[in-house]
Protein chains: 2
Amino acid sequence: MTQAAFFVLTALADQPRHGYGILREVEELSEGAVQMRVGTLYGVLDRLTADELIVLDREEVQQGRLRRYYRLTDEGTAALDAEAERLAAGASAAKKRIAEGRRTPGSAPGTTGAPGTGHGLAGGLA
Amino acid sequence: MTQAAFFVLTALADQPRHGYGILREVEELSEGAVQMRVGTLYGVLDRLTADELIVLDREEVQQGRLRRYYRLTDEGTAALDAEAERLAAGASAAKKRIAEGRRTPGSAPGTTGAPGTGHGLAGGLA
DNA sequence: AAGAATATATCGGCTCCCGATATATTCAGC
DNA sequence: GCTGAATATATCGGGAGCCGATATATTCTT
């Protein structure tokens, strides 16, 4: 799952949205950090549709402008949930290791060559 | 920051490692979920080095085999920390929204009268 | 002697993201 | 009335990045 796909699924998780709405929503939910481009969006939308993670919900004409709404499928919700889990696990693992690295700094001056406890990871988190 | 780069940085967060060791470590820390390929690794290593997020720590010859160890720079640690934060925020936002979507399923009319009701999520997290 | 594991590295293909571009309507400002 | 910004759709070419295959070499296991 690509970053862009993840954010599109997230934007659609609470309610169906149309393309342009997804763009604004992604920006908003990421607090401005992610600014997805139109060129990215439609490719993602096509791929997610082909994978049946989203479907075309309905088409509306609002003030003369066409709005094409997409929504998550059950499979899409499950995929998003699983991906969120993976991301959280990865973030957690990274933070844990950063802390470990600070305790026993990498190429410690002087002490190089004596790793002591062989290798102290793999504690295994959830 | 790409997924592969994130996992390489994470593998190096606690101590310097050589290429092949990174491969095994990524698999271990992700509990088998991520299996990075050699073809991916060296491109990532080159890019991270160019960006000065990692540096060549030392070269050892162990049992006739060359081992090229890399370690994080301060900038690399900071980048990993920031990325972990972003990932955690994204995962948190996704889960929150999945829950919201379950409360107000699909194309539910009614409650969505006011546009932009400032649903500010992703507020705080670890 | 053969095969797996360790350890390095490169290359072509393919997927995917982005910037640019195109079209069309509505609304605010001048 | 005209212009520009916002809304809303869509496509295309370039480039970045991941993967599978491939290559080389040593050590360990069978």
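Note on naming: letters A, B, ... go to the chains in the order of the sequence lines (proteins, then strands), and numbering restarts at 1 for each one.
- B:Val38 has its side chain within reach of B:Tyr42: a pair of non-hydrogen atoms, C-beta onward, lies under 4.5 Å apart.
- Within the structure, a side-chain polar atom (N or O) of A:Tyr42 is placed less than 4.0 Å from OP1 or OP2 of D:dT9.
- Contact between the side-chain N/O atoms of A:Arg67 and the OP1/OP2 oxygens of D:dA8 is found at a separation under 4.0 Å.
- Rounded to an integer number of Å, the gap from B:Leu23 CG to D:dC18 P is 13 Å.
- One finds no side-chain N or O of A:Gln62 lying less than 4.0 angstrom from the OP1 or OP2 phosphate oxygen of C:dT26.
- The shortest side-chain heavy-atom distance between B:Arg86 and B:Glu83 falls under the 4.5 Å cut-off.
- Between the A:Arg17 side chain and the A:Ala11 main chain, a donor and an acceptor come within less than 3.5 Å of each other.
- When distances run from any side-chain atom of A:Arg65 to the nucleotides C:dT8, C:dC18, C:dT26, the shortest one goes to C:dT26.
- The distance from atom CD of A:Glu60 to atom P of D:dA8 is 11 Å, rounded to the nearest whole Å.
- Closest approach to the A:His18 side chain among D:dC28, D:dA8, D:dG17 is made by D:dA8 (side chain taken as heavy atoms from C-beta onward).
- We find that CZ of B:Phe6 is positioned 18 Å from C1' of D:dC18, with the value rounded to whole Å.
- Where A:Gly19 and B:Gln35 meet DNA chain D, the nucleotide closest to each residue was compared, and A:Gly19 sits on the side nearer the 5' end.
- Within the structure, a side-chain polar atom (N or O) of B:Arg47 is placed less than 4.0 Å from OP1 or OP2 of D:dG17.
- Taking 4.0 angstrom as the limit, A:Arg24 places a side-chain polar atom (N or O) nearer than this to OP1 or OP2 of D:dA8.
- Inter-residue side-chain proximity for B:Glu25 and B:Ile22 is flagged as unmet; no heavy-atom pair is nearer than 4.5 Å.
- Toward the 5′ end of DNA chain C lies the nearest nucleotide of B:Tyr69, the other residue of the pair A:Met36 and B:Tyr69 mapping further downstream.
- In this structure, A:Val38 reaches the bases: a heavy-atom distance under 4.0 Å links it to at least one base atom across the strands shown.
- Comparing A:Val44 and A:Gly64 by the nucleotide of DNA chain C whose heavy atom lies nearest to each, the residue mapping closer to the 5' end is A:Val44.
- Ionic pairing of A:Glu100 and A:Arg97 is not present here: no N-O contact between side-chain nitrogen and carboxylate oxygen is shorter than 4.0 angstrom.
- Counting only heavy atoms from C-beta on, A:Thr2 has its side chain closest to C:dC16 among D:dT9, D:dG17, C:dC16.
- Rounded to whole Å, atom P of C:dA7 lies 8 Å from atom CD of B:Gln63.
- We find that CG of A:Leu41 is positioned 15 Å from C1' of C:dG19, with the value rounded to whole Å.
- At the heavy-atom level, B:Arg37 lies under 4.0 Å from the strands shown only through sugar-phosphate atoms.
- Residue A:Thr40 is classed as a base contact, given a heavy-atom separation below 4.0 Å to a base.
- With rounding to whole Å, A:Gln3 atom CD is found 14 Å from D:dC18 atom C1'.
- Going from atom CD of A:Glu27 over to atom C1' of D:dA6 covers 13 Å, rounded to whole Å.
- What you find for B:Val26 and B:Phe7 is that their closest heavy atoms are CG2-O, 3.6 Å.
- Between the CG atom of A:Asp46 and the P atom of D:dC12 there is a distance of 12 Å, rounded to whole Å.
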